[in-house]
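All remarks here apply to the structure that follows.
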2 protein chains.
Amino acid sequence: MPNTKAGQTVQSVERALAILKTFSNGEPELSVSQISSRLKMPKSTVSRLLATLQAHGFVVQDAETGRFRLGAELIALVHSAIAGLQVHHVARPHLRQLANTLGETVSLSVLDGHDAVNLEQFVPTQRLVMRVGWVGRRMPAHAVSVGKVLLAFLPSEELDQLLDQQMEPLTPNTITNPTTLRRELHRIRQQGYATAFEEFEEGLHAISAPIHDHTGRVIAAISVSGPAYRLTRERIADIIPTVLETAQRISWEMGYMVEETNR
Amino acid sequence: MPNTKAGQTVQSVERALAILKTFSNGEPELSVSQISSRLKMPKSTVSRLLATLQAHGFVVQDAETGRFRLGAELIALVHSAIAGLQVHHVARPHLRQLANTLGETVSLSVLDGHDAVNLEQFVPTQRLVMRVGWVGRRMPAHAVSVGKVLLAFLPSEELDQLLDQQMEPLTPNTITNPTTLRRELHRIRQQGYATAFEEFEEGLHAISAPIHDHTGRVIAAISVSGPAYRLTRERIADIIPTVLETAQRISWEMGYMVEETNR
DNA sequence: AACATCGTTTCACAATATGGAACGAGAGGC
DNA sequence: GCCTCTCGTTCCATATTGTGAAACGATGTT
């Protein structure tokens with residue numbers, strides 16, 4: 001890590017950004033005076049900053065009302081921001097926090113062929129949460145919770161190609177029957193998450209939820225896993241909302257939009 | 001209109017915005033030095049501005065590489081920007097320009113029940129392009145090009161509900177047969193635009209293309225219309241790319257994404 | 001017609017942003 | 001292990017640059 005960094009900031013820029021953020025709070029159109037009073041800045045300053053933002057297309061001024069809206073340049077910026085968005089970058093801080101609050105292993109995985117591949121993993125030690133772990137580790141998709149989530153949200157043609165292969169049993173609980181798996185995947189799609197109780201390894205429980213990208217496709221999944229004696233079925237039932245919320249927050253930052261808002 | 005406005009801008013803010021825009025050009029991750037040399041600013045200035053942007057979450061610094069990426073706050077901003085996006089606001093400048101280059105009437109319409117409703121219209125007079133016109137005017141959807149586009153991209157259940165009604169002929173060319181219309185709508189979906197030659201009014205030709213919102217749904221359509229003697233079938237064939245491009249640009253600004261870029 | 005209210009502009013002042021140089025921390029080469 | 005290169009951040013004297021009260025001009029309202 002480079003230097004320690006201790007917050008040296010530029011006032012005028014801070015104010016300009018504060019103005020931009022004002023548009024987030026519901027109202028999409030704001031007048032100079034409104035912003036001025038809300039942020040307690042002199043009108044002249046607000047006007048000048050808005051003019052600067054407008055020069056770059058970050059806001060536009062309605063020709064007749066004189067009020068301001070967020071501009072197309074911002075959208076352009078985010079188009080490319082989203083294009084360059086890496087799941088594991090976005091997810092990392094959320095994973096760390098989840099590992100912290102739950103005190104269990106948290107991972108992020110994607111599907112590669114028949115396997116789920118770990119992209120990121122946080123394991124809690126005595127006090128702090130370590131990053132490393134089995135990054136890059138491959139696990140048969142049908143036997144782990146992340147894998148089942150990723151399969152569940154696959155386009156049906158792609159799923160068909162994968163399911164005609166032989167599925168190895170890793171424990172007595174591993175699902176090996178294609179029909180059983182299909183039914184399980186259907187249930188997972190319905191409820192929005194997957195669980196696995198000793199299907200991959202004896203004494204190992206896990207729960208997993210999908211991550212969507214901006215097109216709505218499921219591109220990855222997060223999972224919480226731990227020893228069966230600690231991560232009991234009851235405890236898993238309790239943490240479902242937490243896990244789902246984390247997954248949704250990551251999806252949201254990836255540009256996934258749920259609501260239908262336009263007129 | 002208020003005062004004339006003559007570009008008084010704030011340097012530091014301009015620089016900060018310029019830094020943000022640097023991320024658009026392909027590379028999603030940039031180092032202080034890269035930005036510094038690309039924009040020809042001293043490293044210290046860039047570092048300070050980035051620190052300010054980071055304090056507001058507009059950029060984030062990768063903990064290990066020290067480089068910067070666009071931050072989640074930007075995405076949050078755009079989420080709300082898009083939510084408050086009004087089609088006619090976004091479309092207006094594009095419509096004006098299209099009317100200018102073609103010298104024909106350009107309008108923006110949405111579907112309301114069986115009718116296409118004008119939201120915005122630009123008609124070219126001798127030299128300049130006037131805004132007003134029949135805003136709010138309703139036209140039977142099956143008889144105009146915009147209407148046909150809007151019908152063509154409707155979910156099939158909704159379409160079925162609309163098509164069982166009687167369709168009035170307005171000229172000898174008006175499509176009144178449901179089967180014929182269905183075939184026409186299919187063709188429109190295929191080619192991405194619709195034309196209408198004297199189907200609504202004798203001597204009136206028109207071409208229309210759809211506008212998508214960020215979810216991909218078709219929420220409006222633009223059209224170019226004019227007298228048959230001037231807007232001939234040949235001329236319409238020529239301007240198809242122009243019209244399509246304008247429509248796509250508007251869709252893009254509404255948050256519609258075409259490409260699939262994520263990893 | 002007089003009056004609010006709007007957004008923009010002016011202008012004198014000094015607060016604030018600037019940038020060259022120094023600093024501390026990694027990375028890589030020898 | 002030591003040296004060197006490059007990275008991002010911090011320092012600090014300087015004056016450039018942003019600031020805000022008040023004036024301005026244009027709209028719409030009473």
Side-chain angles (χ1 to χ4, degrees), chain A residues 1-20 22-23 27-71 89 131-132, chain B residues 1-20 22-23 27-71 89 131-132:
Chain A
M1 248 164 292
N3 237 338
T4 21
K5 160 76 79 76
Q8 168 103 268
T9 65
V10 176
Q11 198 199 54
S12 51
V13 175
E14 282 218 316
R15 289 175 158 186
L17 300 183
I19 289 178
L20 282 180
T22 317
F23 290 94
E27 285 303 290
E29 272 206 344
L30 290 171
S31 67
V32 173
S33 315
Q34 284 175 326
I35 299 174
S36 164
S37 67
R38 211 165 294 182
L39 298 182
K40 287 167 188 163
M41 299 181 197
K43 274 198 312 178
S44 55
T45 303
V46 173
S47 177
R48 238 179 301 118
L49 292 175
L50 278 171
T52 310
L53 290 168
Q54 186 179 26
H56 281 255
F58 280 65
V59 300
V60 287
Q61 185 173 28
D62 193 299
E64 33 241 40
T65 68
R67 308 193 336 175
F68 289 83
R69 283 175 286 115
L70 293 175
H89 276 150
R131 171 123 172 272
V132 289
Chain B
M1 246 162 294
N3 237 337
T4 21
K5 159 76 79 72
Q8 167 103 267
T9 65
V10 177
Q11 198 197 57
S12 50
V13 175
E14 283 218 314
R15 290 177 158 186
L17 300 183
I19 289 178
L20 282 180
T22 316
F23 290 93
E27 284 303 291
E29 273 206 344
L30 290 171
S31 66
V32 172
S33 316
Q34 283 175 327
I35 299 174
S36 165
S37 67
R38 210 165 295 182
L39 298 182
K40 288 166 186 164
M41 300 181 197
K43 273 197 313 177
S44 55
T45 303
V46 174
S47 177
R48 238 178 303 117
L49 292 175
L50 278 171
T52 311
L53 289 168
Q54 186 180 25
H56 281 255
F58 280 65
V59 301
V60 287
Q61 185 173 27
D62 193 300
E64 32 241 39
T65 68
R67 305 186 350 166
F68 289 84
R69 282 175 288 116
L70 294 175
H89 275 152
R131 172 126 171 273
V132 289

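Because only heavy atoms are used, hydrogens play no part in the values below, and waters and symmetry mates are left out as well, while side chains stay in.
Nearest-nucleotide positions on DNA chain D for B:Gln34 and A:Leu49 put B:Gln34 closer to the 5' end. Map A:Val13 and A:Ser31 each onto its nearest nucleotide of DNA chain C; the residue landing nearer the 5' end is A:Ser31. Toward the 5′ end of DNA chain D lies the nearest nucleotide of B:Leu30, the other residue of the pair B:Ser12 and B:Leu30 mapping further downstream.
Summarising the geometry, the separation between CG on B:Leu50 and C1' on C:dG19 is reported as 16 Å, rounded to the nearest angstrom. Between the CZ atom of A:Arg67 and the C1' atom of C:dT5 there is a distance of 13 Å, given to the nearest Å. Between the C1' atom of D:dT9 and the CG atom of B:Leu53 lies a distance of 16 Å, rounded to the nearest Å. The interatomic distance linking B:Gln54 (CD) with D:dT9 (P) rounds to 8 Å, in whole Å.
B:Gln61 places a side-chain N or O within 3.5 Å of a backbone atom of B:Gly66 that can act as its donor or acceptor partner. Side chain of B:Thr22 to backbone of B:Ile19: a donor-acceptor contact under 3.5 angstrom is found.
One finds the CG atom of B:Leu49 at 9.5 Å from the CD1 atom of B:Ile35 (value rounded to the nearest 0.5 Å). B:Arg38 contributes atom CZ, which lies 5.5 Å from atom CG of B:Leu30 (distance to the nearest 0.5 angstrom). Separation of atoms OG (B:Ser12) and CZ (A:Arg15) is listed at 10.5 Å; rounding is to 0.5 Å.
Residues B:Gln34 and B:Ser31 form a side-chain contact, since some pair of their non-hydrogen atoms from C-beta on lies under 4.5 Å apart.
Distance from the side chain of B:Ser33 is smallest to D:dC7 among C:dT8, D:dT9, D:dC7.
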Any N/O pairs under 3.5 Å between the protein and nucleotides 20-22 of chain D? List them or say none.
unit_1 : atom_1 : unit_2  : atom_2 : d
D:dG20 : OP2    : A:Arg15 : NH1    : 3.0
D:dG20 : OP2    : A:Thr45 : OG1    : 3.0
D:dG20 : N7     : A:Ser44 : OG     : 3.0
D:dG20 : N7     : A:Arg48 : NH2    : 2.7
D:dA21 : N6     : A:Ser44 : OG     : 3.2

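The phosphate of D:dT9 has OP1 or OP2 within less than 4.0 Å of a side-chain N or O from B:Ser47. Phosphate contact (OP1/OP2 of D:dT9, side-chain N/O of B:Gln61, threshold under 4.0 Å): present.
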